[in-house]
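Only one structure is covered here, and it is reproduced in the block below.
Below, each value reflects all heavy atoms present in this structure, side chains not excepted, and no hydrogens, waters or symmetry copies. Chain naming here is simple, since letters A, B, ... match the order of the sequence lines and numbering starts at 1 in each.
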Amino acid sequence: MTFGKGCHLHLIDGSAFIFRAYHALPPLTRKSDGLPIGAVSGFCNMLFRYVSDDHGADAPTHVAVIFDKGSHTFRNDMYDLYKANRDEMPEDLRPQIPLTRDATRAFNIACEEMEGYEADDIIATLACQARDLGGRVTIVSSDKDLMQLVGDGVEMLDAMKNRRIDVEGVEEKFGVKPDRVVDVQALAGDSVDNVPGAPGIGIKTAALLINEFGSLEELLDRAEEIKQPKRRETLIEKREQIELSKKLVQLDCNTPLEFTLDDLEIKEPDPDTLLSFLTEMEFRTLTKRIADTLHVEAPVIPDTNPAGANPAEEAPDWPAIDPSAYEHVQTMEALQVWIDRITARGYVAIDTETTSLNEMQAALVGISLAVTPGEACYIPLRHTEGGSDDLFSSESRAEGQLDPETVLTALKPILEDDAILKIGQNMKYDAKIFAQNGVRIAPIDDTMLMSYALNSGIHNHGMDTLSERYLSHQPIPIKELLGTGKSAITFDKVAIDKAVGYAAEDADITLRLWHIFKPQLHTARVTTVYETLERPLVPVLAQMERHGIQVDRDTLSRMSGKFAQKMAQLEDEIHTLAGRKFNVGSPKQLGEILFDEMSLEGGKKGKTGAYATGADVLEDLATEHELPARILDWRQLSKLKSTYTDALQDHIDPDTGRVHTSYVQTGASTGRLASTDPNLQNIPVRTEEGRRIREAFVAPEGQTLLSLDYSQIELRILAHIADIKQLKQAFADGLDIHAMTASEMFDVPLDEMTPEIRRRAKAINFGVIYGISGFGLARQLRIPRGDAQDFINRYFERFPGIKTYMDDTVAFAKEHGFVQTLFGRKIHTPEISAKGPRAGFARRAAINAPIQGTAADIIRRAMIRMPAAIEGLPCKMLLQVHDELLFEVESGAADKVITAARDVMEGAAKPAVHLDVPLVVDAGQGANWAEAH
DNA sequence: GCTATCACG
DNA sequence: GACGTACGTGATAGCC
């Protein structure tokens, strides 16, 4: 087939694949001889995924992987500093480079490189040729240097985000059409490639200039016309450097290639060649997977090092995951066989299927079990059939099911047996379902929590993520069974034969993950974190969620009514002020009114091209005009109504009359909990109007709500970790910490302290916890940036331990790839050595994580100990809000509970950690949350 | 499904 | 006048 119209060439940027694979994976080595092969393994996985992906209308007819060769190219002859600031290639990556070529050839994909040219030039040449012949081109890369090629049938594909980049995408990035991208790059330069560009000009400014003058050449010729003196001088003086920069970024479409497009036609891989390469690399999982895909038998890879288990090694030698191999249990005899196997084994992976994600509403539909990888079963209990779409047709119980009560009675002894470990993924869910069926499941292990203890900050911990990452297997998507949107069905309507494969697969996957994670907990030294901070929290949270909190619907409904009235009034005022009607809730329309129609100052467009109309912007405008102030009022009411007084009513459970939130234990990388459906950790409190929403959270008749919260816990932890003498003393003396800071910084005696000075010190105290910057503090305090920087400098002078802590923490993160809390929780910081603005984010997150995380660990310890501490008292723990615990108690016992709970909370760090500062807990009580807080 | 906005600690 | 910037979350509305 000759390349031409109708053909579609895919060009894969090989180096990008390699580096992504290298950084995404732990340093795997080949078992037999220790050869580093992590990057090759990742590369093969990515390549395999890419070729087996259904690209739909963008499917390739021709494909090639393009690599860089050598480090000296014709660009170095023009400019010897080109790419001079690149880091050396990591030691363990270098030997893997030739193997990635072998891998590409093993997949029977064309693999091209050329001495003296960069991969980008080969890509450019091929793209030009293909385009000139009327074909389409997809460049698989997100490298901005390649964006100049886009257009005329050439597009890019960011394989990571699975996003295609077309002409518009390029314009978004560079502010100009692709054919002017090199002009912009020539001006802006590139610190990564060490392209000098024009000093002081970045992409934004460059795009502005190029769009004004049409081209770089025109701009340089007419540089005298530029108004800004500095910019004008730069362009005149640095002309040569800019022209050189353009040559450096301009890709060469005339690379002398020794092959033609026709050589790149897609070919099927030869199973023998491919499998022998994979076998040689000892990729057990991938070999099996690819053998399956090619419908040939997988070669056996000898286990050459059975004793010295390599924890980072790939999945062990298990049978492939095969949903059709699982057992459908439909007799008591068959169930008994499973019960016997479980009892003999001492552990079982378990998963429940239900009618709803909301555990309070969910009915148990079936149970799956696994004891050995590859062997799992599903016990359907409440599947229905018939029914269809007709409202009146009757649904009946499906065939092939055991009686739910009988099965639960048979399984209960196992589920509650202290000697049998129950393994699940997100066991809190299953524990709640079983609790509803009168079963108290224990003891447990939870693969989601293991993953969280091991890898917080690296990836999320859902089953799909874990399965793909650690088993290279994509589980059956639930939507294949249930459908999506309005037509989605519940699990009880799924045909049993389909349900078996899906449900048992989950148990199988969970069991495999458990086998992988269990030894890793020890080698990563997070067993204690998992066993003392994660696992024991599961039953505590399950209890709190099941109990819920009473919310008064009438109170909310009355508030909604009032808010609606006020909003209508405000809307009229706003329309009058604006001179026309518009949707007040649309930031886009509002921006146009404020900045285009009314021509107010300070309109700034964001990356989407819309004006920013956030509260900070509107507050600044409010001094000039009344409209922004009314908008702010309206927004506040709208938020309160839609998110709280309206939505909360929908969350009141019809059976219990209470609101049952769900805590996500693995939601926040720092160890904090997250609360969803509804989020009860962001109920308003800062404004008077908002705070009244808390009046709807009430105690039942004869009971009282108690709120206990840690006072300044993060600052106390900072004082301890950074070892700040003055702060520790102030906490020991029970002083006003912000006033103390202010006094120390601004040399004002405590008795002469003004609220303004104290306010500034408070902002700095919080800023420090967040990894302060002059810019951030300036914005917070609305003071000039220089002044803010002066404050910070003075703070560091007075409390030198803070600076040391920050520097040490960042250095630790750079060395180890994670930071730690006082209790050993690891928070990984994969971006810490990134380039550009991301580095700043990662740096601040690394500084904040040990502080926020230690506070999170402390309140978790308190929560875990709380049930025993309040046992026998007529009281329930209801909610956690990061540094606050909310209880419901029979009114007479309130003081007793406060004493008991406060003891637990104030002593929660001990005995594992002895803090140099006291932990202090404030308590309040009342008929509702507003009063208690 | 993404973005802007805003609620909390 | 290079860039973008305080940390961690979740829910809602508008808009494509």
Inset, instruction - Take the angle between the ring planes of Y611(A) and F595(A) and call it parallel below 30°, perpendicular above 60°, tilted in between. - result: tilted
Inset, instruction - Please work out which of the three classes, parallel, tilted or perpendicular, describes the rings of H738(A) and F766(A), given edges at 30° and 60°. - result: tilted
Legend entry - For the student: nearest non-hydrogen atoms of K826(A) and S456(A), plus distance: O-CB, 3.8 Å
Once you apply a heavy-atom cut-off of 4.0 Å, does [X] come out as touching a base, just sugar-phosphate, or nothing?
X: A763(A); value: base
X: Q228(A); value: nothing
X: G767(A); value: base
X: R785(A); value: base
X: F841(A); value: sugar-phosphate
X: G774(A); value: nothing
X: S773(A); value: base
X: I769(A); value: nothing
X: S638(A); value: nothing

Inset, instruction - In whole angstrom, give the distance that lies between atom CG of L715(A) and atom C1' of dC7(C). - result: 13 Å
Legend entry - Within 45° cone of F796(A) ring axis and under 6.0 Å: R794(A) NZ or CZ: no
Inset, instruction - Report the residues that fulfil salt bridge (charged side-chain N to carboxylate O under 4.0 Å, His left out) with D646(A), sequence neighbours left out, ordered by chain and then residue number. - result: K641(A)
Legend entry - Gap in Å between the two P atoms, one belonging to dA6(C) and one to dT5(B), rounded: 14 Å
Inset, instruction - Answer yes when K562(A) and E689(A) have at least one side-chain N-carboxylate O distance shorter than 4.0 Å, and no when they do not. - result: no
Legend entry - Annotated protein contacts, base or backbone, on nucleotides 4-9 of chain B with a non-hydrogen cut-off under 4.0 Å, one of B, S, - each: SSBBBB
Legend entry - Paired nucleotide for dC3(C) [Watson-Crick or G-U wobble; both distances under 3.5 Å]: none
